[in-house]
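The figures here come from the full heavy-atom set of this structure, side chains too, leaving out hydrogens, waters and symmetry mates. Chain letters run A, B, ... following the sequence lines, proteins first, then strands; residues in each count from 1.
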Amino acid sequence: MLTADTPTAARYRDARRALQGSEQDDVVRWLQSVSAEIRIKIIRMIDTAQLGHVGGDLSVTDILVTLFGAVLEVDPEDPRAPDRDRFILSKGHCAAALYSTLAWCGYFPEAELGSFMAPLSPLNGHPNRRKVPGVETNTGPLGHGFPVAVGCALAARLRGSASRTVVVLGDGEMQEGSNWEAAMTAGHYGLSSLTAIVDRNRLQQGARTEETKALEPLDAKWAAFGWEVRVVDGHDHAALLMALLPSATGRPVAVVANTIKGRGVSFMEDRVEWHHKVPTADQVRAAIEELSR
Amino acid sequence: MTSVSVPVVAPAYDCRQVFAEELIALARADERVVAVCNDSVGSSNLVEFRNEFPDRLINVGIAEQDLVGVGAGLANGGLIPFVSAAGPFLTGRALEQIKADCAYSGHKVILCGQSPGMAYGELGPTHHSVEDLSWLRAIADLPVLVPTDRAQTRAAIRWAYAADGPCYLRIPRFRVPDTIPADALFEPGRAVTLREGSDVTIIAIGTMVSRALQAAEVLESEGVSARVINTPFVDPLDEDTVVRAAVETRGIVTVEEATISGGLGAAVASVVSQRHPVPMRLLGVNGFAPTGDAAYLLNHFGLTADGIHTAVVDVLESVGA
């Protein structure tokens with residue numbers, strides 16, 4: 001099990017505290033700068049490992065940064081605190097985005113990112129909660145994180161805890177039947193402490209979602225299952241902050257976050273082949289240059 | 001050959017009542033204990049639990065993947081979930097959730113397979129849970145428990161409650177007599193020797209234990225000394241007791257209400273073949289069952305005192321005894 005990087009965790013805590021009195025514009029500018037930093041780390045991890053799911057990593061980055069930067073009540077130095085907020089990345093193949101975000105928070109030393117997918121690294125291609133603090137459940141096979149998140153939210157209710165649960169789903173992943181079982185359960189129980197975010201980048205491994213097995217009308221599907229639905233630009237940190245406010249209706253909240261796969265690297269954006277293609281050395285240089293602007 | 005159909009004279013019990021009583025006792029003592037089911041309130045015998053703890057019975061409806069995933073989330077959230085559903089659906093439909101969300105994630109979910117084996121008889125092979133032992137034995141970090149009678153069912157539930165991680169346990173439904181001594185050990189990797197013997201060993205679990213003991217009695221009257229061992233933990237198996245049986249007796253017969261492809265017999269054979277090979281016979285379910293009630297089907301597959309007797313005679317003949 002990795003352990004916290006104390007100085008980074010302290011910086012993270014201080015930054016979170018400083019945000020409390022800040023203007024929204026300042027918060028958003030800060031989140032934007034963190035997102036740029038995380039995207040560069042993702043590119044470097046994938047370059048080192050020569051493996052990864054870069055497209056989905058880049059589409060989900062702003063969601064993860066908004067959550068860990070300004071929403072979730074978590075303490076990287078006490079990752080199993082009973083009343084922590086729970087975050088589950090159900091699209092576990094985007095582990096590079098999660099790991100770089102967790103390292104930025106101080107859950108473990110950033111240097112560990114260099115071991116991504118190397119033999120015996122705790123940073124497996126899909127996250128493992130028994131090795132990586134901040135990971136709540138082992139995902140990878142799709143359709144697993146959401147039912148677990150429903151269980152977390154039910155446990156919080158039964159324990160009388162104020163803990164929130166947030167699960168991030170891939171849009172292609174919404175083709176898994178288990179997700180709709182979970183959506184129905186959360187709707188039935190009115191789990192208002194639960195937020196499900198769909199990273200709606202409109203591409204899955206092989207093709208566009210709508211060509212493969214259409215998801216639309218996705219917002220109506222969530223509403224029909226008893227959820228409060230918020231449709232936002234998943235790269236707009238201000239919009240995400242609004243969408244991640246607690247439920248206003250007593251129902252669980254579904255955020256359909258419209259995103260672009262490969263966001264931030266122009267030659268990767270909205271291109272199906274960048275689901276898990278590994279950039280060449282020249283492409284890595286070009287990507288980092290673009291993300292550094 | 002002598003007929004060895006010994007009628008069951010001792011009273012026989014369905015262990016679901018014990019399951020319900022133990023669960024309620026644990027829930028009274030520990031508010032973290034919750035039950036999770038898939039519409040199976042009646043068949044899991046959870047009505048009394050629901051009456052006493054209405055908020056602590058979570059019914060996810062007919063949705064087994066969600067059932068097990070929700071169980072893992074409840075464990076993550078600090079509760080102790082007993083996830084209860086008919087064995088075939090719990091283990092078959094939610095197999096990947098058992099692997100990824102419970103075992104691999106290390107979430108302490110107590111998976112209770114109701115109406116295991118061929119308890120659903122006439123409902124047919126879709127409803128028979130005979131593959132569960134094979135499937136779950138293949139998953140790391142997931143003990144597989146097959147309690148035999150009322151005392152062992154209580155022991156299994158208490159052990160699971162106190163354990164550090166998840167496990168799967170069958171909740172017996174097909175009525176069997178109480179056969180396990182009250183003071184018998186109940187620990188992972190520990191077998192219970194129910195009868196000493198020096199010629200041959202019968203290793204039995206669950207519904208087959210009382211039948212193995214009956215067969216041993218008949219064998220004794222024929223001058224054959226049969227050791228009878230019960231391994232309530234199919235995984236982790238008590239390998240040393242198995243090896244001792246291989247060393248000290250001339251053959252081993254395993255008997256289980258489960259497919260012979262990968263269950264208890266396969267586990268024992270794996271140990272025996274690698275550490276001290278002796279002839280074996282594996283009794284269990286072989287192929288999809290025909291129509292019939294549970295007792296009929298056990299008879300059909302030779303899972304009776306008669307069938308065990310025949311297998312013992314056969315294995316001893318193979319070594320020239």
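Salt bridge annotation for B/Asp141-A/Arg130: present, with a cationic side-chain nitrogen under 4.0 angstrom from a carboxylate oxygen.
For A/Ala149, no part lies near chain B; criterion is any non-hydrogen pair under 4.5 Å. With a 4.5 angstrom heavy-atom cutoff, B/Ile58 touches chain A via backbone and side-chain atoms both. Contacts of B/Val34 with chain A are made by side-chain atoms alone, with heavy-atom separations under 4.5 Å and no backbone atom involved. B/Glu31 does not touch chain A: none of its heavy atoms, backbone or side chain, sits under 4.5 Å away. For A/Tyr189, the part sitting under 4.5 Å from any heavy atom of chain B is the side chain, from C-beta outward, and nothing else.
If you take CD on B/Glu64 and CD on A/Glu181, they are separated by 7.0 Å, rounding to the nearest 0.5 Å. Put simply, CG on A/Leu158 and CZ on B/Arg56 are 8.5 Å apart, with the number rounded to the nearest 0.5 Å. To the nearest 0.5 Å, atom CG of residue B/Leu79 and atom SG of residue A/Cys152 are 10.0 Å apart.
For the pair A/His144 and B/Glu96, the tightest heavy-atom approach, listed with the atom from each and the gap, is NE2-OE1, 2.5 Å. Here the shortest heavy-atom pairing between A/Arg84 and B/Asn76 reads NH2-OD1, 3.3 Å. Contact between B/Gly73 and A/Ala155 at its shortest, heavy atoms only, is O-CB, 4.4 Å. Across all their heavy atoms, A/Leu154 and B/Val70 have their closest contact at CD1-CG1, 3.8 Å. Across B/Ala72 and A/Val148, no two heavy atoms sit closer than the pair CB-CG2, 4.1 Å. Taking every heavy atom of both residues into account, B/Gly106 and A/Arg129 meet most closely at O-NH1, 3.5 Å.
In this structure, A/Lys131 places its NZ atom where only 12 or fewer heavy-atom neighbours from other residues, nucleotides or ligands lie under 6.0 Å away. Crowding of B/Glu48 atom CD: a count of heavy atoms from other residues, nucleotides or ligands under 6.0 Å not exceeding 12. Environment of CE in A/Met184: sparse, with no more than 12 heavy atoms of neighbouring residues, nucleotides or ligands closer than 6.0 Å. Other residues, nucleotides and ligands place no more than 12 heavy atoms under 6.0 Å from the NZ atom of B/Lys99. For A/Leu245, the CG atom is densely surrounded, since the number of other residues' heavy atoms within 6.0 Å is greater than 12.
Of the listed residues (B/Ala63, B/Ala100, B/Gly78), the one with the most heavy-atom contacts under 4.5 Å to chain A is B/Ala63. When each of A/His188, A/Arg86, A/Arg80 is scored by its heavy-atom pairs under 4.5 Å with chain B, the top score falls to A/Arg86. Contact tally against chain B (heavy-atom pairs below 4.5 Å) for A/Gly151, A/Pro82, A/Ala156, A/Gly143: the top residue is A/Gly151. For chain A, the option among B/Asp66, B/Val36, B/Val68 with the highest count of heavy-atom pairs below 4.5 Å is B/Asp66. Looking only at heavy-atom pairs under 4.5 Å with chain B, the residue among A/Asn128, A/Val150, A/Ile88 that has the most is A/Asn128.
The backbone N or O of A/Asn138 lies less than 3.5 Å from a partner atom in the side chain of B/Ser105, making a donor-acceptor pair.
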